[in-house]
A.B. asks: 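The following block contains the structure, expressed as structure tokens.
What you see is a predicted model, and the numbers here were worked out from it, not measured in a lab. Labels below follow one simple rule: chain letters A, B, ... track the order of the sequence lines, proteins then strands, and each chain is numbered from 1.
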Number of protein chains: 2
Amino acid sequence: MLVGMAWNTEETKRKLKEAAVAEFAAHGLGGTTMERIARRAGVNKERLYTYFGDKPRLFATVLADELNKVAAAVPLDHLDGPEAVAEYAGAVYAYHAEHPELTRLLLWEGLLDLPAVPDEASRTDYYRTKVAAFERAQQSKTISDTLPAADLAFLVLALAGWWYAVPQMARMMHADSSSTPASAKAALMQAATQLAAPSN
Amino acid sequence: MLVGMAWNTEETKRKLKEAAVAEFAAHGLGGTTMERIARRAGVNKERLYTYFGDKPRLFATVLADELNKVAAAVPLDHLDGPEAVAEYAGAVYAYHAEHPELTRLLLWEGLLDLPAVPDEASRTDYYRTKVAAFERAQQSKTISDTLPAADLAFLVLALAGWWYAVPQMARMMHADSSSTPASAKAALMQAATQLAAPSN
DNA sequence: CTGAATTCCAACGCGACCGTTGGAATTGCG
DNA sequence: CGCAATTCCAACGGTCGCGTTGGAATTCAG
């Protein structure tokens with residue numbers, strides 16, 4: 001009965017998912033072709049269908065994978081003070097700088113505006129733990145409570161994500177070319193600090 | 001020689017552009033079909049090609065049109081104090097709430113990451129006038145100068161735009177359904193105020 | 001009315017992509 | 001070795017959308 005280990009199946013799946021992330025991030029659900037994913041992975045197209053189902057299902061799979069990766073890479077359990085909020089915002093920005101695929105996948109997904117996203121339950125849990133960390137910090141008076149915790153957390157992510165959402169706008173607003181990834185990160189950390197600083 | 005006024009050409013062009021905005025905003029450049037645009041406008045597909053060229057050109061045309069509209073609808077020449085920044089952020093949010101097409105077009109464009117966007121020169125001018133208004137307010141010490149003017153302006157727009165960029169994230173983070181468009185607007189205006197408030 | 005210019009549109013060629021299928025190659029097992 | 005199970009893949013049918021084209025309908029000038 002034993003499932004054969006022949007043809008290193010797991011490795012093939014991994015290569016396909018890696019290629020799918022790159023293609024979907026670059027071209028979106030509609031702009032990506034299964035053919036190109038398979039070619040990039042050096043695998044036949046048919047494997048995609050037997051392993052992952054059709055194109056939307058594959059998209060959902062790779063997005064869920066990437067979300068799990070970022071959840072592991074940028075933890076957030078405890079916040080004590082505005083500086084910790086800035087650190088978190090900076091870490092999110094830095095992660096996206098190294099892995100621009102995730103933001104782009106999220107944006108492509110957002111533009112599809114499906115009635116419900118795949119994996120909604122676990123993703124909601126994930127975001128709620130972030131919000132809960134902000135709530136606890138508010139209750140212990142270490143950060144500002146002028147904004148509801150959910151809004152504050154959401155807006156901090158907005159500061160970090162907007163650069164990747166509309167890069168063309170970022171480029172045009174900083175036309176004097178005085179802007180670098182490093183200065184962008186410094187600016188958003190400063191901004192996050194101001195959002196989280198206890199009102200005086 | 002006189003060009004005939006027959007078949008009300010201008011009206012046909014207007015209807016085509018209106019339909020194109022709706023379709024492009026909903027499905028993006030790749031997901032939109034010329035056929036559907038023409039059907040929605042009640043006009044034959046071929047008119048699109050003779051009037052506007054191919055699909056990317058049409059996309060650029062309608063995006064430029066929408067940018068001109070928002071520039072006219074949400075002016076910004078003078079800023080005096082954090083409250084004015086909040087007012088501006090709120091106005092931007094409100095405009096996008098009524099015309100969600102523009103943000104979506106910008107996001108689709110951003111995801112294409114073209115080396116240069118159409119109409120780059122005039123759009124750069126447009127953004128630079130916004131930045132200049134922030135700069136003047138900083139020089140007259142009515143708003144905070146802890147952030148470069150370009151970053152501050154950019155991040156204020158981030159606060160207003162993020163809701164539309166990742167609506168699925170907004171929905172999941174506010175899972176308790178305590179969030180409304182009105183509360184979102186209030187939150188972002190509060191946040192904008194805190195970003196712009198002179199440091200103490 | 002006749003003819004030229006312009007707007008409109010039905011139909012087409014062509015290429016691209018999705019998802020499938022039939023069968024070949026490889027592996028483990030008896 | 002022979003057999004069954006599994007992984008792999010080249011090729012295909014069908015559909016869809018882009019951009020074009022040939023000609024019909026409408027308008028205006030003479």
A.B. asks: Would you call A/Glu98-A/Lys69 a salt bridge at under 4.0 Å N-O?
C.D. replies: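 No.
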A.B. asks: Hey, is A/Glu101 close enough to A/Lys17 for a salt bridge, meaning N to O under 4.0 Å?
C.D. replies: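 Here A/Glu101 does not pair with A/Lys17 in a salt bridge, since their nearest N and O are not under 4.0 Å apart.
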A.B. asks: Would you mind checking if A/Arg40 and A/Glu18 are paired as a salt bridge, meaning a charged N to carboxylate O distance below 4.0 Å?
C.D. replies: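 No.
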A.B. asks: By a strict heavy-atom criterion of less than 4.0 Å, which residues belonging to residues 30-49 of chain B are in contact with DNA chain C?
C.D. replies: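 Of all residues in residues 30-49 of chain B, the ones placing a heavy atom under 4.0 Å from DNA chain C are B/Asn44, B/Glu46, B/Arg47.
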A.B. asks: Roughly, in whole Å, what's the span from CG in A/Leu58 to P in C/dG19?
C.D. replies: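 Between P of C/dG19 and CG of A/Leu58: 10 Å.
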A.B. asks: With respect to the phosphate group of D/dC18, does any side-chain polar atom (N or O) of B/Lys55 fall under 4.0 Å of OP1 or OP2?
C.D. replies: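 Yes, because at least one side-chain N or O of B/Lys55 sits under 4.0 Å from OP1 or OP2 of D/dC18.
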A.B. asks: Taking 4.0 Å as the cut-off, does a side-chain nitrogen or oxygen of A/Thr9 come that near to OP1 or OP2 on D/dT6?
C.D. replies: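 Answer is no, no contact under 4.0 Å.
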A.B. asks: Does a donor on one side chain sit under 3.5 Å from an acceptor on the other, for A/Thr146 and B/Gln194?
C.D. replies: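 Per modelled atom types, A/Thr146 and B/Gln194 side chains form a pair under 3.5 Å.
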A.B. asks: In residues 15-29 of chain B, what residues come within less than 4.0 Å of DNA chain D, judged by heavy atoms?
C.D. replies: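 Result for residues 15-29 of chain B: none.
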A.B. asks: Between the side chain of A/Arg123 and the main-chain N/O of B/Met172, is any donor-acceptor distance below 3.5 Å?
C.D. replies: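 Not a single qualifying donor-acceptor pair exists.
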A.B. asks: Using whole Å, report how far CZ of B/Phe59 lies from C1' of D/dG17.
C.D. replies: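 Value for this atom pair: 18 Å.
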A.B. asks: Within the pair A/Tyr51 and D/dT6, is there a side-chain N or O less than 4.0 Å away from OP1 or OP2?
C.D. replies: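 For A/Tyr51, the contact criterion (side-chain N or O under 4.0 Å from OP1 or OP2 of D/dT6) is not met.
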A.B. asks: A/Trp163 vs A/Tyr93 aromatic rings, parallel, tilted or perpendicular, using cut-offs 30° and 60°?
C.D. replies: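 A/Trp163 and A/Tyr93: perpendicular rings.
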A.B. asks: What verdict does the ring pair (Phe, Tyr, Trp, His ring centres under 6.0 Å) test give for B/Phe154 and B/Tyr127, after you've listed the backbone C-alpha separation in whole Å, the side-chain angles of each residue and the deciding distance to 0.1 Å?
C.D. replies: CA-CA 9 Å; B/Phe154 182 74; B/Tyr127 289 123; 9.0 Å; no
A.B. asks: Using a strict 4.0 Å threshold on nitrogen-to-oxygen distance, state whether A/Glu10 and A/Arg14 make a salt bridge.
C.D. replies: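 Judged by the 4.0 Å cut-off on N to carboxylate O distance, A/Glu10 and A/Arg14 do not form a salt bridge.
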